[in-house]
Amino acid sequence: MSHEHVSYLELLARGAATEAYDRPVLLARASGAGPEALAGLEEAKQLALRVRAELEGRRRREAELSALFATAHDLAGLRDLDAVLRAIVQRARSLLGTEVAYLSLNDPAAGDTYMRVTEGSVSARFQQVRLGMGEGLGGLVAQTARPYVTDDYFEDPRFQHTRSIDAAVRDEGLVAILGVPLSLGSQVIGVLFAADRRARVFEREQVALLGSLAAHAAVAIDTANLLAETRSALAELERANDIIREHSGVIERASEVHDRLSELVLHGGGVHDVADAVSEVLGGTVEFTEEGAGAVRRAGGHAVREGDDWVAAVSAGGETLGALVLRGRPDLDPVDQRTLERAALVTSLLLLARRSAGEAEQRVRGELLDDLLDAPDRDRRLLRERAARLRTDSEAPHVVLAARIDREGGAAAPDAGGREGADRQRLWSAATHLAATRHGLASARDGGTVLLLPLGPGESAADLARGTARSLGGTLREPVTVGASAPVRAPLDRPGEVAVAYGEARRCLDALVLLHRAGQGAAAEDLGFLGLLLADGRDVDGFVDRTIGQVVAYDRRRGTDLVRTLDAYFASGMSPARTKDELHVHVNTVAQRLERVGRLLGPDWQSPSRALEIQLALRLHALADAVTGT
């Protein structure tokens, strides 16, 4: 082996640059070598360059294969589809050394392919472009499932150029483009691209390399899709499992509430006990209301949603008794809805049972009061026993009250008869409820209602009458007029006095209507001299005391003469000048005394109605003094 051949082997061994292979020829020519020697060296140089190119190609293919295997390994480790697609595009750009790489996916529903991921792109229009099948380089690859390459896209007539695609490619500044199909079996799912913004020739090895990467990429995309579908299926299974568990819990709650409601009914539970039990089981707040059930009357017994609340009507026989309202559970399960409806049904049964018991008690109370009014000679011991069963305090002073619905105007309506009957029924129902609350008695009588109620501590007959009128009027939302008798002590021991007191209460009621005071409550003591005439007891002393008692007491304490001044004042036609002549005092004295009277009796003491009562009281006071000789 010649020295020159050894030099070329050394150059190959150290991987010298191409220019270094000209050096042995140049040295031989400079040393005067002959033509034959120079020809041999030239042949050895060409052989060494071919060996060098082959070695370089093998090294490049080895590096590409190594990079391809590394890419396949990396892709196999990715599970998220977006991460897989980004990794594919990044490796494509790196392996081929291009400025831009991108990937499009086929859209079977739209029949085109759309840009999915880009690397190195700067154009928003390019990143959003869609290519129809057969359009542009990418559309042709997607349609034919074959790779296509161009070193100058705009000058290449093989592709169907469209205005939108060319505008996007021009906006990105791309010139040389290589596209290979992403295939799963015979199905193309997308296209992988590598592109430069200058003219460039993609060699067969680079096309093959990008094709190999596309093959790995298609498998990775399919794996990621399968994993995504598996995760979705697992999520669906978890949701289904949650639904099953939830339904199981709902059924358990329904069974629990059924057992609790049954126990409540058997042990005499009330409406609010039912609401509490359902609140605890359903995990919300359930309340019973007698109002607001109008919206659910047409729901056919079903619970309906109102905003974030659920409402179930409590009804029986076509009558709406109220509603159960569930708050805090807007996402109520259908089984829980039926639980709420079942609770509403149980509530209606309890209300009907309570109503039946209440109506029976009301009848008993009415019958006892009727006996006191109509048959005062009944056995008093039996009367007291009946009152005790009704929890009536027969020892306390009681007041008889006559109540009636009185509307202003007095004109009868076309259906006056039917309306009056309905009014009496409503009034009787409200009165019996009030009587049961106050431990008294009530009965329907004489077109209205009569009540026998005990007096509370410090309460007068007039106080009780006014309170009863307010209570009944508020319940019925109608004006209710109430007349009261004087107190009857221990009415069961004096049953005859109850009928007399009822007559007094009715006269007081009629007087209120005549005085245009319908809708109010009063006793005889509130009606001045008219009450004196109406009252059976003719309480003259009480009338005098209520009317001028403060003036009489002032005279007794101070030794003044206000009563005589008042008598002279009215006898003189309410003239201070004539009064001072009658009393033989100065007119200023009369004025001072009348001012004192005004402070004692109130500023309206000279009004016609008050003046009349004061004059009557003065006459009765003078008559009493004459009788007693004081």
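In what follows, every heavy atom counts, from backbone to side chain, and hydrogens, waters and symmetry copies are set aside.
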Under a 4.5 Å cut-off applied to non-hydrogen side-chain atoms, are [X] and [Y] in contact?
X	Y	result
Arg438	Leu464	yes
Met574	Gln606	yes
Asp555	Leu562	yes
Leu455	His398	no
Arg466	Asp463	yes
Val400	Leu451	no
Val563	Val552	yes
Leu401	Val450	no

Ignoring hydrogens, what is the shortest heavy-atom contact between [X] and [Y]? Give both atom names and the distance.
X	Y	value
Ala469	Gly519	CB-O, 4.3 Å
Thr579	Ala568	OG1-O, 3.9 Å
Thr475	Ala430	CG2-CB, 4.0 Å
Val480	Ala403	CG1-CB, 4.2 Å
Ala461	Ser485	CB-O, 3.4 Å
Trp428	Ser443	CD1-C, 4.0 Å

Quiz item: Parallel, tilted or perpendicular for Trp605 and Tyr569, by the 30°/60° rule?
Solution: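 Ring orientation of Trp605 relative to Tyr569: tilted.
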
State the [atom1]-[atom2] distance between [X] and [Y], to the nearest 0.5 angstrom.
X	Y	atom1	atom2	value
Leu509	Arg404	CG	CZ	4.0 Å
Arg445	Arg424	CZ	CZ	14.0 Å
Leu594	Arg596	CG	CZ	12.5 Å
Leu583	Arg564	CG	CZ	5.0 Å

Self-check item: Sidechain-backbone polar pair: Ser429 side chain, Gln425 backbone, donor-acceptor under 3.5 Å
Solution: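 Checking the backbone N and O of Gln425 against the side chain of Ser429, no donor-acceptor pair under 3.5 Å is found.
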
Quiz item: Between Glu459 and Gly456, is there a donor-acceptor pair closer than 3.5 Å when you use the side chain of the first and the backbone of the second?
Solution: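 Checking the backbone N and O of Gly456 against the side chain of Glu459, a donor-acceptor pair under 3.5 Å is found.
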
Exercise. Just do the side-chain contact (heavy atoms from CB on, under 4.5 Å) check on Leu434 and Leu472 with the steps written out, would you?
Key: CA-CA 8 Å; Leu434 177 62; Leu472 296 179; 4.1 Å; yes

Exercise. Test Leu566 against Val597 for side-chain contact (heavy atoms from CB on, under 4.5 Å), laying out the working first.
Key: CA-CA 8 Å; Leu566 266 178; Val597 168; 3.9 Å; yes

Quiz item: Taking it one step at a time, do Glu478 and Arg426 satisfy side-chain contact (heavy atoms from CB on, under 4.5 Å)?
Solution: CA-CA 10 Å; Glu478 295 272 11; Arg426 292 168 58 230; 3.8 Å; yes

Quiz item: How far apart are the C-alpha atoms of Thr481 and Gln520, what are their side-chain angles, what is the distance that settles it, and do they pass the side-chain contact (heavy atoms from CB on, under 4.5 Å) test?
Solution: CA-CA 5 Å; Thr481 310; Gln520 299 182 22; 5.7 Å; no

Practice problem: Just do the side chain to side chain donor-acceptor pair (under 3.5 Å) check on Thr565 and Arg593 with the steps written out, would you? | Solution: CA-CA 7 Å; Thr565 302; Arg593 292 180 180 179; 3.0 Å; yes

Practice problem: Apply salt bridge (charged side-chain N to carboxylate O under 4.0 Å, His left out) to the pair Arg578 and Asp581, showing each step before the final yes or no. | Solution: CA-CA 5 Å; Arg578 288 196 293 273; Asp581 293 337; over 6 Å; no

Quiz item: Do we see a donor-acceptor contact under 3.5 Å between the side chains of Ser607 and Asp604?
Solution: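 Looking only at side-chain atoms, Asp604 and Ser607 do not form any donor-acceptor pair under 3.5 Å.
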
